[in-house]
There are 2 protein chains.
Amino acid sequence: MQDHFVHVQCGDCPIRHRAVCARCDTDELAELEQIKYYRSFQAGQTIIWSGDRMDFVGSVVSGIASLTQTMEDGRRQMVGLLLPSDFVGRPGRSTAAFDVTATTDVVMCCFRKKPFETLIAETPHVAQRLLEMTLDELDAAREWMLLLGRKTAREKIASLISIIARREAALHKKKASGNLSVDLPLTREEMADYLGLTLETVSRQISALKKDGVITLEGNRHVSIPDIDRLLEEAGDDTDGGLPV
Amino acid sequence: MQDHFVHVQCGDCPIRHRAVCARCDTDELAELEQIKYYRSFQAGQTIIWSGDRMDFVGSVVSGIASLTQTMEDGRRQMVGLLLPSDFVGRPGRSTAAFDVTATTDVVMCCFRKKPFETLIAETPHVAQRLLEMTLDELDAAREWMLLLGRKTAREKIASLISIIARREAALHKKKASGNLSVDLPLTREEMADYLGLTLETVSRQISALKKDGVITLEGNRHVSIPDIDRLLEEAGDDTDGGLPV
DNA sequence: AAGTCGCCTTGACGCAAATCAATTTGGGAG
DNA sequence: CTCCCAAATTGATTTGCGTCAAGGCGACTT
């Protein structure tokens, strides 16, 4: 029997899911057919508002979504960047704790929450896999905390570029090649929200890294990295652990 | 049969565990007797070094431990504060990603990792409960990210005090009384590492909050809060969600 | 072609927090 | 009690990043 929960290719899903997939011929999962559905969102659209009732969980199929938190006076901090295969939602909690916004056009594969929860309760592997993913996210969040709390603006930018490069590489299963290049999926403002900076500082530091030859730009969204080790050094990373999220 | 995994009082544990407990008369858990043990650590002692092989998981029984990350040049960021009942370790990963240090004297209740992992694989409830705890921690980490990225020094201090007050209240199951007071379990330097500040700034902001009547100090580790709402306002918290960690 | 709009860059200036540098406090040992 | 020393406070100064402001660069529309 086919492994039915981890990295499964669904019939009509463009990517291999890390989450539960309904297309597998397992009895207990068959009924999921009825509780699985797709939703599309346009760039800029809000997928979930913080505080909203959430009756589904799901994973990103394509596009990029972001988790953000906003203070009353408008200060905003991104607290999660959701790439394809990332999981959204919380079994066991009924309201969303953060805003989820589509950064690019997004397709999500959703499962109604209640049946998903019973599935978790009955299928140890699913809960286990979900636990593993959540622990990975927690590790990533903690790396991110070091970035926010202690790194300089320049280090933050270098870190962000290497994080995106690393995740993109992981997604396409290719190892770091000689001269790798990355498309930044975020505006300067979104990068600023990610890094706890202002957009002006982001722009300045990117210019500085360009001037110093750490990166080169084609357009203002595409970055080439001539020397990845140089970039990592600028990022102040000792841990080169290729963590997801 | 007694509920055997969540909030159980162990025979010889001083507190009610949120994690798995070996003292319950359940067949599948009986063997855990042999794989559960206690370890004590003195204040300041390192429990686990980042990168070390970790062959156990466990939960804090008494005392306070902290999870920290350090850059080569010595900049340090706390990324987790472990109070009694908090879980340490990662089923599914063999090396520790962060330093764990005993902030006060600490007693930990440990389980050898391998048998614990098989337990998780075989007992859905355990994985489920662990997932729930990890998701709570992730939510807390994300609140923390907002703090690190966007709050001012004064807001950070006010947030820290209210977080500690909230957690202490949760631990003792008492609701916020009129004039609540908190023992800060951290030195100024540890607070600074928690908040992404320097110890001087921490000291200055505590003095400022005292001068403005938001808090009063008895000694320099004990804080009284005359008006909790005032403090929360200073903290810039809209979400008053009583999250753990 | 000209106009508009979103996004980005660059400059000038100010301020919050870091850094550097003394003291002061207070708890524990003798 | 007095000494000692880590922890905390407070002051003076510097600086990195935020803020405010002006202008540039494509990509669309008309």
Only distances under 3.5 Å count here; give the side-chain donor-acceptor pairs of residues 195-202 of chain B to other protein atoms, sequence neighbours excluded, each with its distance to 0.1 Å.
unit_1: B:T198; atom_1: OG1; unit_2: B:T201; atom_2: N; d: 3.4
unit_1: B:T198; atom_1: OG1; unit_2: B:T201; atom_2: OG1; d: 3.0

*Using whole Å, report how far NZ of B:K156 lies from P of C:dA16.*
14 Å
*Salt-bridge test for A:D99 and A:R76: reply yes if a basic N is under 4.0 Å from a carboxylate O, no otherwise.*
no
*Knowing that exactly one of A:V100, A:T103, A:T101, A:I64 qualifies, which makes a side chain to side chain contact (heavy atoms under 4.5 Å, CB included) with A:L82?*
A:V100
*For DNA chain D, whose closest nucleotide is more 5', that of A:Q205 or that of B:N220?*
B:N220
*asked:* Could you tell me how far apart B:E200 (CD) and C:dA21 (C1') are, to the nearest whole angstrom?
replied: 10 Å
*Can you check whether B:T201 has a side-chain N or O nearer than 4.0 Å to OP1 or OP2 of C:dA18?*
yes
*Report the distance from atom CG of A:L209 to atom P of C:dT9, rounded to the nearest whole Å.*
12 Å
*Of all the heavy-atom pairs spanning A:H222 and A:D183, show the shortest one and how long it is.*
ND1-OD1, 2.8 Å
*In whole angstrom, give the distance that lies between atom CD of B:E218 and atom P of C:dG26.*
13 Å
_Terminal axes of the helix from C:dA1-D:dT30 to C:dG30-D:dC1 (five pairs each): angle between them, nearest 10 degrees_ = 30°
*When you check the phosphate oxygens OP1 and OP2 of C:dT9, does a side-chain N or O of A:S203 lie under 4.0 Å from one of them?*
yes
*asked:* So, applying side chain to side chain contact (heavy atoms under 4.5 Å, CB included) with A:L231, which one of A:D237, A:I215, A:I157 is it?
replied: A:I215
*Between C:dA17 (P) and B:I157 (CD1): distance, integer Å*: 10 Å
*Sugar-phosphate only, base, or nothing, as touched by B:T198 at under 4.0 Å among non-hydrogen atoms*: base
*Short side-chain N/O contact to C:dA17 OP1/OP2 from B:R204, under 4.0 Å*: no
*Report yes or no: is there a donor-acceptor pair, N or O only, under 3.5 Å between the side chain of B:R221 and the base of C:dG27?*
no
*Does CD in A:E233 sit with more than 12 non-hydrogen atoms of other residues, nucleotides or ligands closer than 6.0 Å?*
no
*asked:* What is the separation between atom CG on A:L199 and atom P on C:dG6, rounded to the nearest whole Å?
replied: 15 Å
_Closest-nucleotide 5' rank along DNA chain C - winner of B:L197 and A:E189_ = A:E189
*For DNA chain D, note the earliest and the latest nucleotide, 5' to 3', having some atom under 4.0 Å of a heavy atom belonging to chain B.*
D:dA8 to D:dA12
*Determine whether the side chains of B:E218 and B:S224 contain a donor N or O and an acceptor N or O closer than 3.5 Å.*
yes
*Considering all heavy atoms of both residues, which atom of B:C109 and which atom of B:K36 are nearest to each other, and what is their separation?*
SG-CE, 3.4 Å
*asked:* Could you tell me how far apart B:L217 (CG) and C:dT25 (P) are, to the nearest whole angstrom?
replied: 15 Å
*Heavy atoms under 4.0 Å, any strand shown: does A:G44 hit a base, just sugar-phosphate, or nothing?*
nothing
*Determine whether A:V57 and A:V88 make a side-chain contact, defined as any pair of heavy atoms from C-beta on separated by less than 4.5 Å.*
no
*Locate the shortest heavy-atom distance separating B:Q69 from B:V79; write the atom from each residue and the value.*
NE2-CG1, 3.6 Å
*Let me know the distance between CG of A:L186 and C1' of C:dC7, rounded to the nearest Å.*
14 Å
